Amino acid sequence: MEIKKDPPGTMKLSLGPLLYYWPRQKALDFYAETAASDAVDIVYLGETVCARRHELRLEDWLDIAARLAAAGKEVVLSTQALIESESDLRTLRRITGTMAFRIEANDMGAVRLLAAAGRHDWIAGPTLNVFNPATLALLVDEGARRWVAPPEMAGENVAALRAGMPRPIETEIFAHGRLPLAYSARCFTARHYNLQKDTCAFRCLRDRDGMVLRTREGEPFLTLNGIQTQSARVHNLLADLPAIAGRAEILRISPQSAHTLEIAALFRAALDARLAPRAAFATSLALIPEVPCNGFWHGRPGHEHVPAAPVAPETISPRPPAVAALCPAPAAVSGPAPAPLRLLPTSARARLAQTLREVRIPAFTVPAPLARLGMRLPRFPPALALTVALNLVPQAILPRAVLSPLAGRRLRVCVLDAGIDLDFTLGANGRFHPCRAGMPADLAISAELRDFIALARREEDADTLFFSRRLRMEGDTGLGVLVKNTLDAVDWNIFR
């Protein structure tokens, strides 16, 4: 098989194998859309998790592969990670005997079959757990021409392994998606429903992004996907793209039930320098099912999120129209100062802007007696005061059009150290209104008073507060991301 060569320095995007169990038509529609996508270069196909998943059989995967290849994609057939039966072995033999497409070997049985067939074009999959140059060199001798680094491997270790190889090898890293952490002979999803693995009733079809496990405190912990255990948080290396350069030739995106190709479009825009990586990352937060993480890449616990180094504003490219249409996000507000501020002399407005930028909120906590009083007060008056204040904020600072998805949704701000919960909503007329307490909220945001003030002034970053557990969001995280992006877009220079 002739392998297409790309120009040196060109970084490609791949779609990893579908890890979840989707209905047949949804999977077919997804790959039809993938064929039409300009962002994706390589597509991995096949069932890698559970042999009982039969919505798509091998013949279906081969048909999809042919269609994708006709659309100009490089197609790779992925083998199952855990071979448990003679039936699994027969399927493995059929896949490794397919000469029309490259093969991703996900267990050593597949490696042996490919080597015995004299194949010298296959890919060493992530579940082979290659962590040192000697192991990788052995696989290269057996015919591997690309390897996928284990998701838990740090970027520095990837670079060191590549440097230790006697000759270069194409490297692919897991760049986006829930992290596949482990496989087991037991099916955790079936066990959750008190079913046996062999009589599971295909309950995985109900969970198109897996089943999230939470701690007693309500924090996402792990995701169950049949026999596979995944992270609850979404591994996202969009903001880390500058640090990946030179360490990999391919970035893998793991399919999720919605917005996968929009995520791929953001990666492509960032790789093509049409969108700054940090801006692409910020836009992607509204497109993922859970908060992001990137700890493994930085040599830290995988659930952690390490913020990317700041990028100078002049290096941030404008959002391209195609990505803007796919992933609308709040634009930075700018323009003339609000009418009341224009009454001030220019020098006074400049001093006000300088003060807002430079004066930091000191550390403080609401005194306990005041907190106890706050807990006993009626909830409606403080919520009314908050909405009156929000309605006084000029459109240039708090654009109602950007916040329109909040209309009719019940929001709650919990000021933890003051013992106050404020329930309110955004009306269709663009004005905020208080809500009576006692009803569930679509989005609840909790923090101490000082952190809320610092967040509103952009003195503190929402991601930093979140990952230090000083800020909590519960409910519709998409709404939370919208609020966060709106605060990030506030330009205090409006006061000049």
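Not measured: the values here are computed from a predicted model.
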Polar side-chain atom of N132 near backbone of A134 as donor-acceptor pair, under 3.5 Å: yes
Compare all side-chain heavy atoms of Y31 with those of W61 and state whether any distance is below 4.5 angstrom. yes
Regarding D38 and R268, does a basic nitrogen lie under 4.0 Å from an acidic carboxylate oxygen? no
Can you measure from CZ (F221) to OG1 (T215) and round to the nearest 0.5 angstrom? 8.5 Å
Has the side chain of S14 got a donor or acceptor atom that lies under 3.5 Å from a matching backbone atom of I42? no
Should M11 and I250 count as side-chain neighbours, where that means a heavy-atom distance under 4.5 Å? no
Note, I288 side chain near I263 side chain (heavy atom, < 4.5 Å): yes
Is the backbone N or O of E249 less than 3.5 Å from a side-chain atom of K12, with the two atoms forming a donor-acceptor pair by type? no
Considering only NZ, NE, NH1 and NH2 on the basic side and carboxylate oxygens on the acidic side, decide whether R53 and E55 come within less than 4.0 Å. no
I'd like to check L19 versus N225 (side-chain heavy atoms, cut-off strictly below 4.5 Å). Are they in contact? yes
How long is the span from the CG atom in L251 to the CG atom in L241, to the nearest 0.5 Å? 6.5 Å
Minimum-distance pair of heavy atoms, taken over all atoms of F101 and A66: CZ-N, 3.9 Å
Distance-only side-chain donor-acceptor flag, R178 / T223, under 3.5 Å: yes
So, does N236 use its side chain to make a donor-acceptor pair with the main chain of L238 at under 3.5 Å? yes
Using a 4.5 Å cut-off on heavy atoms from C-beta on, say whether the side chain of P126 contacts that of R252. yes
Any ion pair linking R470 and D451 (charged N to carboxylate O, less than 4.0 Å)? yes
Heavy-atom check, side chain of I123 versus side chain of I103, under 4.5 Å: no
When you look at I445 and L471, which way does the side chain to side chain contact (heavy atoms under 4.5 Å, CB included) test go after all the steps? CA-CA 7 Å; I445 304 176; L471 177 72; 3.5 Å; yes
Take E47 and L56, measure what side chain to side chain contact (heavy atoms under 4.5 Å, CB included) needs, and give me the verdict at the end. CA-CA 8 Å; E47 179 55 56; L56 294 176; over 6 Å; no
Distance-only side-chain donor-acceptor flag, T171 / W147, under 3.5 Å: yes
Going by distance alone, is a donor N or O of one side chain under 3.5 Å from an acceptor N or O of the other, for T91 and D88? no
Verify the distance criterion only: is there a donor paired with an acceptor across the side chains of T127 and N106 at less than 3.5 Å? yes
Within the structure provided, determine whether L77 and T98 are in side-chain contact (heavy-atom separation under 4.5 Å). yes
CG/L406 to CG/L426 distance, rounded to the nearest 0.5 angstrom? 6.0 Å
Does anything in residues 157-190 form a ring pair (Phe, Tyr, Trp, His ring centres under 6.0 Å)? List the pairs, not counting sequence neighbours. F174-H235
Taking the six-membered ring for Trp, are H305 and F281 ring centroids under 6.0 Å apart? yes
What's the separation between atom NE2 in H120 and atom CG in D141, rounded to the nearest 0.5 Å? 10.0 Å
Compute whether any side-chain donor of one residue and acceptor of the other, for Q230 and Y20, lie under 3.5 angstrom apart. yes
Spacing of OG1 belonging to T96 relative to CD belonging to E104, to within rounding of 0.5 Å: 14.0 Å
Do side-chain atoms of D60 reach the backbone of R57 as a donor and acceptor pair under 3.5 angstrom? yes
May I ask you to check whether N294 and D240 show a side-chain donor-acceptor distance below 3.5 Å? yes
Are the side chain of H259 and the backbone N or O of Q256 linked by a donor-acceptor pair below 3.5 Å? no
Would you indicate whether the side-chain heavy atoms of R119 and E142 approach each other to under 4.5 Å? no
Are any side-chain N or O atoms of R145 and backbone N or O atoms of V140, one a donor and one an acceptor, separated by less than 3.5 Å? yes
In short, salt bridge (charged side-chain N to carboxylate O under 4.0 Å, His left out) pairs touching residues 91-100 with sequence neighbours left out are E59-R94, E86-R93
